[in-house]
Amino acid sequence: MRDDELRPRRHFLKQAGLVTAGLGGLVALNDCRRGRSPAEAKGPAIIKSQRQYQWTMVTTWPRNFPGLGTGANRLAERIQSMSGGQLQISVKAAGERVPALQVFDAVRSGTAELGHGAAYYWKGKLPAAQFFSAVPFGLNAQEMAAWMYHGGALKLWTELYADFGVVPLPCGNTGVQMGGWFKKEIHSAADFQGLIMRMPGLGGEVIRQVGAAAPNIPGGEIFQALDSGAIDATEWVGPYNDLAFGLYKAAPYYYYPGWHEPGTVLELLINKSAWLALPAHLQAIIQGAAQADYNEMLAEFNARNGQALDTLVHARKVQLRRFPSDLLQKLAQISREVLGDMANQDTATRKVYDSFLGFQKTALGWNQIGESAYDQARLLDPAVEALLQSRS
Ligand code: CA
């Protein structure tokens, strides 16, 4: 790697380049036409900084991978567009600049200013980080957003990463995931004994407790691992992503629900030194773009998963299976134990755990008479029943 690639390439716009500096430039130009200098006009503070920024975003995803890789691209484009080109971002897929699971360290060291991934990938150095991506039998996508933005989670997450010189922002959500692909049917917890199943994060800890091995394999390597028999089963995301990887070609049974990832949050990692050196309006643009993409990604997954599920079941003849209720009950019980044990390991994890559990208690109370009650109620509509029948 060249030395100049390790540092942000910083350029100053020439005087003539003012009008190319996006919104700020246009405001300045209009003020000049009205006979006012930019300083006289009470225009936005955005014109204070004309400096251009060339940043790199390393990601944990294969290039252009549906939903996740494309989500990273879209976020970068949104930031560029909102900044009027003042902040340019070059997106690198997993392995192009650094391997998928070295994204956190790359942002920490300043090799890249930005990273796009999921917090549970860093559990080796930061066990508490897992709570900010997915918790087995925990909060769903809507509730994770509520905990993040209005329940104190983002503040805790920021504190947790501060020691590493990294600033986190939620920047996407996959919605509830699928339980995974299996080469054989699963009837009880005993079927996990000796099973090698790719599963990251806290879910991986849970299935280890029932005798499985749970390696974390980056997305781009999953198909080959499953197809070659190196692993017996895998979870990945949901129909939209799983269809794109062709996982149905390597294992026939597709299980639900995704108890281990009920609403997985994607994260934007920002090198703290680079962040602090940004003018306030560019910081606000990054924050706004990340929050916009949280909603956009969730909408995309919800729209595409339904289409992909139909393709998998009807065109690819996938065997769709629900995990038995007694198995789910067992996994839920173990999940509680795993979370409790984690909380006892260090004070940072205890703090996050207490916040999560407190929020879940409140969220469950509302969900029971809100979304969950409605989801059940609409199934009573004969027209809904007819719609569901027409799909099969
Ligand atoms: Ca997953």
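Ligands are counted one by one from 1 in listed order, and the atoms in each one are counted from 1 as well.
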The Ca ion (ligand 1) - closest N/O/S atom in Glu261: OE2
Opening angle at the Ca ion (ligand 1) [OE1, Gln177; O, Trp236; to 10 degrees]: 80°
Lys184 with Asp232: basic N within carboxylate O range, under 4.0 Å: no
Residues Trp61 and Thr70: side-chain donor-acceptor under 3.5 angstrom: no
Glu235: its N/O/S atom lying closest to the Ca ion (ligand 1) (atom name): OE1
Pair His260-Glu235, side-chain hydrogen bond (donor to acceptor under 3.5 Å, both in side chains): steps then yes or no: CA-CA 9 Å; His260 62 301; Glu235 70 81 55; 2.8 Å; yes
SB check Lys351 Asp354 (cutoff 4.0 Å): no
